[in-house]
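Below, chains carry the letters A, B, ... as their sequence lines are ordered, and counting in each starts from 1. Every heavy atom of this structure was used, including side-chain atoms; hydrogens, water molecules and symmetry mates were not.
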There are 2 protein chains.
Amino acid sequence: MPAVSDCINMLDSETKAVETPEDHAEELRLWLRLLTCTTLIEGEVRGRLRQRFDVTLPRFDLMAQLDKAPDGMTLSDVSKRMMVSNGNVTGLVERLVDSGHLDRRTSETDRRVQVIRLTKLGRAEFRRMAAEHETWIADLFADLTPKDVRELMRLLAKTKASAQKSAARRRS
Amino acid sequence: MPAVSDCINMLDSETKAVETPEDHAEELRLWLRLLTCTTLIEGEVRGRLRQRFDVTLPRFDLMAQLDKAPDGMTLSDVSKRMMVSNGNVTGLVERLVDSGHLDRRTSETDRRVQVIRLTKLGRAEFRRMAAEHETWIADLFADLTPKDVRELMRLLAKTKASAQKSAARRRS
DNA sequence: CCGAATTGTTTTAAGCCTAAAATGTTTCCA
DNA sequence: TGGAAACATTTTAGGCTTAAAACAATTCGG
């Protein structure tokens with residue numbers, strides 16, 4: 001068994017290790033921990049929204065997007081921002097229009113487009129929920145120092161950029 | 001308008017700010033960024049699993065739990081580990097039993113309990129998928145240095161502990 | 001100007017997910 | 001020992017989510 005060939009097989013022309021079953025256990029553990037944190041917090045927020053306001057998390061998220069856009073958004077915009085499928089938004093919006101929280105109208109200039117906005121009721125209810133929601137988040141992250149928060153922001157920005165790059169690589 | 005009383009209202013007996021609509025915008029932004037990262041990566045993994053192996057992410061996650069437990073797990077165990085509801089696991093397991101990936105049997109000693117295991121087929125298929133899955137994760141996190149990974153692990157551990165504490169506070 | 005590609009939305013079919021109630025089983029303790 | 005409490009799972013009802021196909025409207029190139 002020539003050890004040399006093993007070594008050669010691990011090196012490409014630029015002397016970087018390739019084709020070796022590399023150990024990516026650390027990244028895997030990081031991903032699982034990231035997922036655990038998100039699932040934990042998301043579940044907590046979901047439960048509190050239901051108990052306090054009898055509203056679901058997706059509805060709250062959609063209203064949060066619209067609260068930032070006084071002039072309304074198209075369904076596609078919402079879909080991209082929330083990172084969910086188009087069909088998903090259709091149903092979500094339908095239920096929120098039925099409950100009187102959203103106003104939906106077809107664009108004057110492009111009849112393909114639906115523009116949705118918060119109604120007065122929708123905005124009032126969202127603001128009320130959002131104020132309390134913010135305190136929940138603060139409490140969930142309470143043990144992090146301001147420095148921890150800054151550092152996490154930085155590292156997660158880097159993570160997001162890395163993942164987006166990887167996703168773009170695959171699509172191309 | 002006595003400015004003094006405003007000030008007094010903002011201080012408790014230990015001279016710390018309380019009862020003030022504090023600014024938790026940083027924590028909120030952190031939470032949204034965390035959620036974005038997770039959603040982005042999760043969506044990417046979901047898509048790759050579907051395209052390469054025609055398997056859903058929840059099925060993959062369940063098999064991953066069982067791969068770590070050669071002696072099998074009860075449905076409750078799985079439910080806690082995956083942080084999903086009991087009823088959810090019931091359906092997921094049913095489909096995986098039907099497709100021949102899981103073996104399910106009632107415990108000899110406690111007839112309430114169902115013990116599930118990977119079948120030979122289930123284990124083989126999972127191992128095949130897991131190997132590739134690990135490379136996807138490595139690629140998604142590729143721009144993070146080993147130091148970034150360590151630091152993120154540390155901060156997310158702190159975040160998890162903080163959130164668990166907050167959740168426990170609410171339940172009590 | 002006309003057809004082809006593109007864009008925005010909805011529909012469809014299937015699966016995922018939750019909370020709460022129901023069912024069956026075991027344990028505990030008075 | 002008998003019944004209440006605890007436990008494990010399933011069922012129910014409703015909503016969320018996706019991918020893919022279908023539909024409708026606009027834009028673009030020849």
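Counting to the nearest Å, the P atom of dA19(C) and the CD atom of Glu44(A) are 11 Å from each other. When rounded to the nearest whole Å, the span between CD of Glu42(A) and C1' of dT17(D) equals 13 Å. Atom P of nucleotide dT7(C) and atom NZ of Lys80(A) are separated by 9 Å, given to the nearest angstrom. Residue Arg46(A) contributes atom CZ, which lies 10 Å from atom P of dC17(C) at whole-angstrom precision. Distance CD (Gln51(B)) to P (dT18(D)): 15 Å, rounded to an integer number of Å. The CG atom of Leu57(B) sits 11 Å away from the C1' atom of dC16(C) (whole-angstrom rounding). One interatomic measurement links the two molecules: CG of Leu49(B) to C1' of dT18(D), which rounds to 14 Å at whole-angstrom precision. Between the CG atom of Asn86(A) and the P atom of dA25(D) there is a distance of 17 Å, given to the nearest Å.
The phosphate of dT10(D) has OP1 or OP2 within less than 4.0 Å of a side-chain N or O from Arg104(B). Phosphate proximity of dT7(C) to Ser76(A): absent, as no side-chain N or O sits under 4.0 Å from OP1 or OP2. Using a 4.0 Å cut-off, some side-chain N or O of Arg111(B) falls inside it from OP1 or OP2 of dT26(C).
The residue Thr74(A) sits close only to the backbone: its heavy atoms come under 4.0 Å of sugar-phosphate atoms, none of a base.
Placement of Met82(A) and Ile137(A) within a single hydrophobic cluster is found when ILVMFWY residues are connected by side-chain heavy-atom separations under 4.5 Å, directly or transitively. Phe53(B) and Leu96(B) end up in the same hydrophobic cluster when Ile, Leu, Val, Met, Phe, Trp and Tyr side chains are linked at under 4.5 Å.
A side-chain N or O of Thr74(B) and one of Asp77(B) form a donor-acceptor pair less than 3.5 Å apart. Under 3.5 Å, the side chains of Ser107(B) and Thr109(B) contain a donor-acceptor pair of N or O atoms.
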Quick one: do Thr39(A) and Glu42(A) satisfy side chain to side chain contact (heavy atoms under 4.5 Å, CB included)? Show the steps, please. CA-CA 5 Å; Thr39(A) 305; Glu42(A) 200 170 357; 5.7 Å; no
Between Arg128(B) and Glu132(B), does the salt bridge (Lys or Arg N to Asp or Glu O under 4.0 Å) criterion hold? Intermediate values first, please. CA-CA 7 Å; Arg128(B) 200 161 54 85; Glu132(B) 199 157 327; over 6 Å; no
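At a threshold of 4.0 Å, the pair Arg105(A)-Asp103(A) counts as salt-bridged, since one of the basic side-chain nitrogens sits closer than that to a carboxylate oxygen. Ion pairing of Arg48(A) with Glu44(A) is present here, as a side-chain N (NZ or NE/NH1/NH2) and a carboxylate O approach within less than 4.0 Å.
Toward the 5' end of DNA chain C, the nearer of the two residues Leu75(A) and Arg50(A), judged by each one's closest nucleotide, is Leu75(A). Comparing Asp110(B) and Val84(B), the nucleotide of DNA chain C nearest to each residue sits closer to the 5' end for Val84(B).
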Extract from the structure each pairing of a protein N or O with an N or O of nucleotides 13-15 of chain D at less than 3.5 Å, listing the distance.
| unit_1 | atom_1 | unit_2 | atom_2 | d |
| --- | --- | --- | --- | --- |
| dG15(D) | O3' | Arg59(A) | NH1 | 3.4 |

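Distances from the side chain of Asn88(B) to the nucleotides dT25(C), dT18(C), dT18(D) place dT18(C) closest. The side chain of Pro58(B) sits closest to dC17(C) out of dT9(C), dC17(C), dA25(D). When distances are taken from the side chain of Val113(A) to each of dT25(C), dG8(C), dT10(D), the shortest belongs to dG8(C).
Arg112(A) contributes a side-chain N or O that forms a donor-acceptor pair with the base of dT7(C) under 3.5 Å.
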